[in-house]
Undergrad: 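For reference, the structure I am asking about is given below.
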Amino acid sequence: MKERNSKMELLGSAPIPKALMSLGIPIMIGMLINALYNLVDAYFVGGLGESQMGAISIVFPLGQVVVGLGLMFGNGAASYLSRLLGQGDRDTANKVASTALYSSVMIGAIIIILATIFLKPILALLGATETILPYALVYARIYVISCIFNVFNVTMNNIVASEGAAKTTMCALLLGAVMNIGLDPVFIYVLDMGVAGAAIATAISQFVSTLVYLSYVLRKKSVFSFRLREYAPTKQILSEILKIGVPTLTFQLLTSLSVALINRAANGYGDAVIAGMGAVTRVTSMGTLVVFGFLKGFQPIAGFSYGAKKFDRLHEAIKTSILWSTIFCVIVGGLMALFSTQIISQFTEGNAEMISVGSKSLMANGISFMFFGFYTVYSSLFLALGKGTAGFLLGACRQGICFVPVILILPMLWGINGILYAQPIADALSAIVTVFMAVHLGKELSEAKAKFVLEKQP
């Protein structure tokens with residue numbers, strides 16, 4: 001009980017810098033290590049050759065689609081749960097948490113079965129060349145099935161973060177990542193299993209993370225009970241989950257679509273270009289996941305403060321989060337731009353074309369990454385406040401509304417450079433859109449605060 005009260009105190013009354021550090025830093029560390037093991041995975045597979053590296057790049061968006069189901073229910077529930085905790089409604093919160101968890105696992109299992117049945121045409125659609133396809137099939141058959149653990153993990157990640165238990169999320173991510181980093185070289189090289197070994201290492205690491213969350217629930221450390229009898233897919237609960245969850249799933253689908261469109265656009269230029277762009281995706285995802293991890297701590301504070309009508313606290317959380325995330329993005333973006341050649345060189349045994357393509361793209365992505373913190377604070381904020389439509393529009397900008405036209409048109413006008421610079425151009429356009437939406441939200445929150453103050457007056 002004491003631990004639960006301390007979580008509520010952190011969300012509702014602790015100083016904002018302390019709350020953000022306590023909630024955001026552990027998740028950020030966990031997601032940083034998680035991103036690191038994606039890089040390590042690519043590093044070890046890259047030693048097998050460009051076709052193998054291309055294979056995991058092709059499979060990546062398929063895995064993201066499956067994991068998107070966990071995000072849909074997990075992130076959708078997290079926004080609602082933070083607001084319910086702010087309002088003190090524990091009974092509804094228990095039902096929401098249980099409904100989100102069981103629904104994500106059931107629907108995830110169905111999608112995984114369908115993806116496994118139609119695996120070959122899906123991979124071909126995602127841009128696999130004849131030389132990449134055999135490796136992609138071997139990797140995907142293991143990896144996609146293991147995604148059921150990841151669906152569970154991602155759902156729990158968001159639910160647990162919504163109650164302020166950031167350290168549990170960090171432990172789950174950290175343990176799984178360390179396990180994967182240790183097992184990769186063993187399965188890939190020592191046991192000589194190639195890309196299949198990389199998939200097995202990932203599957204085991206995801207299962208270990210699942211065990212951490214199961215232990216947390218079974219030891220009754222959570223604010224939520226997760227009883228099967230509390231599974232209540234009512235119209236009210238599902239609508240609240242899905243109005244935030246569907247935009248979140250859409251973001252994830254757009255992320256997968258953007259990677260698939262890059263792979264298809266690069267298809268005609270050979271395996272080295274696909275592998276180079278795949279390496280860029282892995283490197284930049286390391287930075288983006290750190291920002292997402294930190295903002296997992298920001299979201300429950302924002303949602304709780306909004307639900308409790310603590311507008312000054314909400315404003316301070318927004319301002320501090322923008323400052324901290326922007327400082328991080330400027331530093332990391334600058335490092336990616338300055339050392340792009342050296343970074344990409346780590347993912348190949350000296351393939352000059354892959355290094356040239358990857359370093360040019362990474363340099364441009366590093367520059368545009370400097371705007372990522374500002375953009376992501378607001379795309380997260382809209383969802384935390386339950387503003388699904390606005391959150392959907394802003395979140396869909398970076399890899400959807402702005403990106404898709406750019407990646408479809410620019411390569412026809414600019415050749416391979418159109419592929420390399422598509423994401424940075426979309427990032428710049430998204431930052432401009434964010435400025436306008438941020439100004440509008442600021443006015444809306446000021447009006448809500450003024451109205452609340454008037455209602456409190458005798």
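The shown structure was predicted, so the numbers you read here are calculated from the model rather than taken from an experiment.
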Undergrad: Just wondering, are more than 12 heavy atoms of other shown residues or ligands nearer than 6.0 Å to CZ in F44?
TA: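 More than 12 heavy atoms, drawn from other residues, nucleotides or ligands, come within 6.0 Å of this atom.
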Undergrad: Does Y143 offer a backbone N or O that forms a donor-acceptor pair with the side chain of S146 under 3.5 Å?
TA: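 Yes; at least one donor-acceptor contact below 3.5 Å.
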Undergrad: Testing the basics here: between A275 and G54, what is the closest heavy-atom pair and its distance to 0.1 Å?
TA: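 Looking at all heavy atoms of both residues, the closest pair is CB-N, 4.3 Å.
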Undergrad: Whether the side chain of Y375 engages the backbone of G395 through a donor-acceptor N/O pair (distance < 3.5 Å, no angle test) should be reported.
TA: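 Flag set: sc Y375 to bb G395 pair under 3.5 Å.
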Undergrad: Take Y189 and L48 through the side-chain contact (heavy atoms from CB on, under 4.5 Å) test and state the conclusion after the steps.
TA: CA-CA 9 Å; Y189 294 108; L48 298 172; 3.8 Å; yes
Undergrad: Taking the side chain as every heavy atom from C-beta outward, state whether V217 and M156 have any atom pair closer than 4.5 Å.
TA: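 V217 reaches M156 side chain to side chain.
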Undergrad: Show the nearest heavy-atom pair for residues L62 and A115, with the distance to one decimal.
TA: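 That would be CD1-CB, 4.5 Å.
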Undergrad: Is the shortest side-chain heavy-atom distance between N417 and L420 below 4.5 Å?
TA: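 In contact.
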Undergrad: Mark yes or no for whether T155, through its side chain, and L101, through its backbone, hold a donor-acceptor pair below 3.5 Å.
TA: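 Such a contact is absent between T155 side chain and L101 backbone.
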Undergrad: Between A232 and I237, which heavy-atom pair has the shortest distance, and what is it?
TA: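 Smallest interatomic distance, heavy atoms only, reads O-CD1, 3.4 Å.
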Undergrad: Tell me, yes or no, whether the heavy-atom count around E130 atom CD, taken from other residues, nucleotides or ligands under 6.0 Å, exceeds 12.
TA: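 Open: at most 12 neighbouring heavy atoms sit under 6.0 Å from CD of E130.
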Undergrad: Return yes if a side-chain donor-acceptor contact under 3.5 Å exists between T210 and N153, otherwise no.
TA: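 A pair is found: one side chain offers a donor N or O, the other an acceptor, under 3.5 Å apart.
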Undergrad: Can you find a heavy atom in the side chain of M193 that is under 4.5 Å from one in the side chain of I200?
TA: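 They are in side-chain contact.
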Undergrad: Contact between S321 and L20 at the side-chain level, heavy atoms closer than 4.5 Å - yes or no?
TA: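 SC-SC contact between S321 and L20 confirmed.
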Undergrad: Is a side-chain donor or acceptor of S239 paired with a backbone partner of Q236 at a separation under 3.5 angstrom?
TA: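 Pair found, side chain donor or acceptor close to backbone of Q236.
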Undergrad: Could you label the plane-to-plane angle of the F152 and Y213 rings as parallel, tilted or perpendicular, counting under 30° as parallel and over 60° as perpendicular?
TA: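 Answer is perpendicular, since the angle exceeds 60°.
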Undergrad: Considering only heavy atoms from C-beta outward, does the side chain of V357 approach that of Y269 to under 4.5 Å?
TA: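 Result no, sub-4.5 Å side-chain heavy-atom pair not found.
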Undergrad: Using only atom types and a distance under 3.5 Å, with no angle test, would you say the side chain of T202 pairs donor to acceptor with the backbone of A198?
TA: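 Such a contact is found between T202 side chain and A198 backbone.
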Undergrad: With rounding to the nearest 0.5 angstrom, report the OG1 to CG distance, T434 to L394.
TA: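 If we round to the nearest 0.5 Å, T434:OG1 and L394:CG are 4.5 Å apart.
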Undergrad: Determine, stepwise, if the pair Q399 / V404 fulfils side-chain contact (heavy atoms from CB on, under 4.5 Å).
TA: CA-CA 7 Å; Q399 292 183 307; V404 172; over 6 Å; no
Undergrad: State the CG-CE distance between L289 and M286, to the nearest 0.5 angstrom.
TA: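 It comes to 9.5 Å.
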Undergrad: Stepwise, does the side-chain contact (heavy atoms from CB on, under 4.5 Å) test hold for L183 with N180?
TA: CA-CA 5 Å; L183 292 178; N180 196 74; 5.8 Å; no
Undergrad: Rounded to the nearest 0.5 Å, how far apart are CZ of F403 and CG of L254?
TA: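 Separation between the atoms: 10.0 Å.
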Undergrad: Please check this pair: side chain of Y102 against backbone of F226, looking for a donor-acceptor N/O pair closer than 3.5 Å.
TA: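 Checked: pair present.
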Undergrad: Is there a donor in the side chain of N94 and an acceptor in the side chain of S98, or the other way round, less than 3.5 Å apart?
TA: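 No donor-acceptor contact under 3.5 Å links the two side chains.
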Undergrad: Start with the C-alpha gap between F369 and F372, add the side-chain angles, then the distance that decides, and say whether ring-ring contact (aromatic ring centres under 6.0 Å, His included) holds.
TA: CA-CA 5 Å; F369 184 72; F372 184 75; 5.4 Å; yes
Undergrad: I want to check something: taking the side chain as every heavy atom from C-beta on, are L381 and Q299 in contact at a cut-off of under 4.5 Å?
TA: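 Of all side-chain heavy-atom pairs linking Q299 with L381, none is under 4.5 Å.
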Undergrad: Quick one: pull up CE in M437 and NE2 in H440 and give me the separation to the nearest 0.5 Å.
TA: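 That separation rounds to 8.0 Å.
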Undergrad: S359 and S340: side-chain donor and acceptor closer than 3.5 Å?
TA: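 The criterion, which ignores hydrogens and geometry beyond distance, is not satisfied for S340 and S359.
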Undergrad: Do R141 and T116 have side-chain heavy atoms sitting under 4.5 Å apart?
TA: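 R141 does not reach T116 side chain to side chain.
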Undergrad: More than 12 foreign heavy atoms under 6.0 Å from CZ of R219: is that the case here?
TA: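 Yes.
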Undergrad: Looking only at non-hydrogen atoms, find the nearest pair between V96 and A77 and report the distance.
TA: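 Taking V96 first and A77 second, the nearest heavy atoms are CG1-CB, 4.0 Å.
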Undergrad: Is the backbone N or O of R398 less than 3.5 Å from a side-chain atom of S430, with the two atoms forming a donor-acceptor pair by type?
TA: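 Judged by distance alone, yes, a pair lies under 3.5 Å.
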Undergrad: Carefully, step by step, assess S368 and Q423 under the rule side chain to side chain donor-acceptor pair (under 3.5 Å).
TA: CA-CA 8 Å; S368 67; Q423 187 65 68; over 6 Å; no
Undergrad: So Q52 and Y139, side-chain contact (heavy atoms from CB on, under 4.5 Å) or not? Walk me through it.
TA: CA-CA 9 Å; Q52 289 90 332; Y139 183 81; over 6 Å; no
Undergrad: Hey, are the side chains of F374 and V435 touching, using non-hydrogen atoms and a 4.5 Å cut-off?
TA: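 Yes - at least one pair of side-chain heavy atoms lies under 4.5 Å apart.
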Undergrad: Restricting to non-hydrogen atoms, name the atom on V138 and the atom on A196 that form the minimum distance, rounded to 0.1 Å.
TA: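 For V138 and A196, the tightest heavy-atom pair comes out as CG1-CB, 3.6 Å.
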Undergrad: Taking atom CE of M336 and atom CD1 of I344, what is their separation to the nearest 0.5 Å?
TA: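 Rounded to the nearest 0.5 Å, the CE-CD1 separation comes out at 10.0 Å.
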Undergrad: Of all heavy-atom pairs between G418 and I407, which one has the smallest distance, and what is that distance?
TA: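 Between these two residues, the closest heavy atoms are O-CD1, 4.4 Å.
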Undergrad: Check whether T284 reaches the backbone of V280 with its side chain - one donor and one acceptor, N or O, closer than 3.5 Å.
TA: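 The answer is yes, because a donor-acceptor pair under 3.5 Å joins these two groups.
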Undergrad: May I ask you to decide if the ring planes of W324 and F294 are parallel, tilted or perpendicular, using 30° and 60° as cut-offs?
TA: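 W324 vs F294 ring planes: tilted.
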Undergrad: Calculate, to the nearest 0.5 Å, the distance between atoms CD1 and CG belonging to I262 and L126 respectively.
TA: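 Reported value, rounded in 0.5 Å steps: 13.0 Å.
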Undergrad: Is it true that, when you exclude F382 itself, more than 12 heavy atoms of the residues, nucleotides or ligands shown sit nearer than 6.0 Å to its CZ?
TA: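 Atom CZ in F382 is crowded, with more than 12 foreign heavy atoms closer than 6.0 Å.
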